[in-house]
Amino acid sequence: MTDTSDLLVRFLLPDAGVRGVHVRLSDSWREILSHGDYPAAAKRLLGEATVASALFTGHTKVDGRLSIQLRSASALRALFAECTSAGTLRGIVQLADGEDAPPSLQALGEGALLAITIENPGLDPREPQRYQSLVNLTGDSLDEAFEDYFRHSEQLPTRLLLTCDGEHAAGLLLQKLPGDSGDEDGWVRIGALFDTLGHEELLTLPGSKLLHRLFHEEHPELMGDKPLRFGCSCSHERVSSMLQSLGEEEARAAAEATGQVDVRCEFCGQEYHFPLTDFGVLFASTPANQPAPERLQ
């Protein structure tokens with residue numbers, strides 16, 4: 001295995017009957033941070049959610065993209081992190097003005113929602129297949145909530161550790177294989193090794209060194225790796241569709257002051273400009289019964 005700055009690694013611990021995924025981000029995480037000035041708690045949640053979205057694409061079959069979304073009525077208005085099957089990552093946090101995210105998930109308040117959404121291509125490219133699972137906000141952190149989710153949804157023992165700082169973000173997911181795979185005390189033994197792993201070590205060690213340090217006596221088998229990178233799916237076509245869904249009247253109102261509609265992608269900072277002189281063509285081609293998107297994606 002070649003260590004790169006941004007890599008997802010799948011592995012198997014056959015003696016213990018355990019599968020795992022390791023993710024470590026550097027360049028892509030710094031690129032995500034460069035598009036927003038986030039305070040400490042929001043930055044931590046965004047890093048953990050971004051890593052988790054990548055980990056889960058290594059755990060679950062994803063042909064399109066997997067996203068993690070967190071919404072609440074607290075100072076943390078929304079969090080969104082996404083990893084595609086091609087290995088591109090992006091993420092964003094929306095906060096109340098001048099505020100930071102609460103230090104614990106338990107402080108998000110009633111009505112807070114944490115969801116994992118998988119979007120795979122459908123037979124009709126315009127109608128992807130979406131599968132969404134709600135995650136109970138148990139514990140204080142995202143890794144605790146996700147551990148509990150996998151234990152209940154898949155009914156398999158699961159361990160998860162997520163961490164980040166201003167330079168790196170990393171995570172490790174371990175899960176007992178279904179059935180009677182592995183020796184009798186395999187999961188207990190692997191759990192004891194997992195408990196020796198600290199956040200600093202997870203952040204600083206590349207995948208091959210970390211797996212050797214933790215599991216060399218378990219004879220880990222590497223099941224493949226995938227490079228990861230920052231990438232945004234915004235485009236002129238997607239923004240055009242968003243404006244069409246708003247309707248010509250609202251778009252003209254938005255363009256009244258400057259003579260054009262200016263749209264800036266929240267994820268990558270790319271700017272799109274639509275002058276009033278283009279509206280005739282833009283709205284002449286509006287598809288019938290087009291649903292409005294939730295956000296620029």
Side-chain angles (χ1 to χ4, degrees), residues 28 31-38 46 49-50 53 57 61-73 76-97 113 115-134 228-297:
S28 58
E31 180 71 18
I32 289 172
L33 285 180
S34 71
H35 298 294
D37 184 16
Y38 301 118
L46 179 59
T50 302
S53 70
T57 64
K61 182 174 175 54
V62 177
D63 297 321
R65 53 184 179 172
L66 182 149
S67 64
I68 292 170
Q69 301 169 68
L70 177 59
R71 296 182 181 275
S72 78
L76 175 66
R77 296 292 190 249
L79 178 150
F80 180 93
E82 175 187 88
C83 183
T84 69
S85 57
T88 60
L89 296 159
R90 61 179 184 162
I92 192 172
V93 177
Q94 295 175 338
L95 299 164
D97 289 344
L113 181 69
I116 301 172
T117 304
I118 296 174
E119 183 179 294
N120 288 328
L123 295 178
D124 184 341
R126 296 169 299 177
E127 297 183 3
Q129 296 178 327
R130 290 185 177 89
Y131 309 90
Q132 187 173 80
S133 300
L134 299 182
L228 302 170
R229 60 182 175 85
F230 174 81
C232 188
S233 58
C234 73
S235 66
H236 190 276
E237 181 181 7
R238 284 177 176 267
V239 182
S240 296
S241 295
M242 182 187 70
L243 290 178
Q244 289 169 347
S245 70
L246 290 175
E248 184 172 1
E249 183 177 348
E250 188 168 342
R252 286 188 176 277
E256 185 175 352
T258 62
Q260 65 179 16
V261 175
D262 301 307
V263 179
R264 181 179 184 274
C265 177
E266 300 171 305
F267 295 94
C268 68
Q270 177 68 43
E271 295 184 349
Y272 299 91
H273 307 286
F274 296 84
L276 278 168
T277 53
D278 291 350
F279 277 26
V281 174
L282 178 66
F283 290 99
S285 60
T286 302
N289 301 320
Q290 176 176 280
E294 292 183 1
R295 54 148 55 86
L296 172 55
Q297 296 185 349

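For the atom pair OG of S241 and CG of L246, the computed distance is 11.0 Å after rounding to the nearest 0.5 Å. The CD atom of E248 sits 9.5 Å away from the CG atom of L276 when rounded to the nearest 0.5 Å. With rounding to the nearest 0.5 angstrom, the OG atom of S67 is 10.5 Å from the CG atom of L79. The distance from the OG1 atom of T88 to the CD atom of E82 is 6.5 Å, given to the nearest 0.5 Å. In this structure, CD1 in I32 is found 4.5 Å from OG1 in T50, a value given to the nearest 0.5 Å. Summarising the geometry, atom CD1 belonging to I118 is positioned 13.0 Å from atom CZ belonging to R130; distances are rounded to the nearest 0.5 Å.
Taking each heavy atom of S233 and R65 in turn, the nearest pair found is OG-NH1, 3.8 Å. When all heavy atoms are compared, the tightest approach of Y38 to L33 is CD1-CD2, 4.3 Å. Heavy atoms only, all atoms of each residue included: S240 and L282 are closest at CB-CD1, 3.8 Å. When all heavy atoms of A78 and R71 are compared, the closest pair comes out as CB-NH1, 4.1 Å. Closest heavy-atom contact between H236 and Y272: N-CE2, 3.4 Å. Closest of all the heavy-atom pairs between R77 and A96 is NH2-CB, 3.7 Å.
Between L66 and C83 there is no side-chain heavy-atom pair separated by less than 4.5 Å. By the 4.5 Å heavy-atom criterion applied to side chains, D262 and E271 are not counted as neighbours. Between L113 and L70, the closest side-chain pair of non-hydrogen atoms is not below 4.5 Å. In this structure the side chain of M242 never reaches within 4.5 angstrom of the side chain of R238, judged on heavy atoms. L243 places none of its side-chain heavy atoms less than 4.5 Å from the side chain of F279.
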Assess whether side chain to side chain contact (heavy atoms under 4.5 Å, CB included) is satisfied between F230 and H35, documenting all intermediate values.
-> CA-CA 11 Å; F230 174 81; H35 298 294; 4.0 Å; yes
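No donor-acceptor pair under 3.5 Å is formed between the side chain of R90 and the backbone N or O of C268. In terms of modelled atom types and a separation under 3.5 Å, the side chain of N120 and the main chain of D63 share a donor-acceptor contact.
In this structure, T57 has no side-chain hydrogen bond (donor to acceptor under 3.5 Å, both in side chains) partners at least two apart in sequence or on a different chain.
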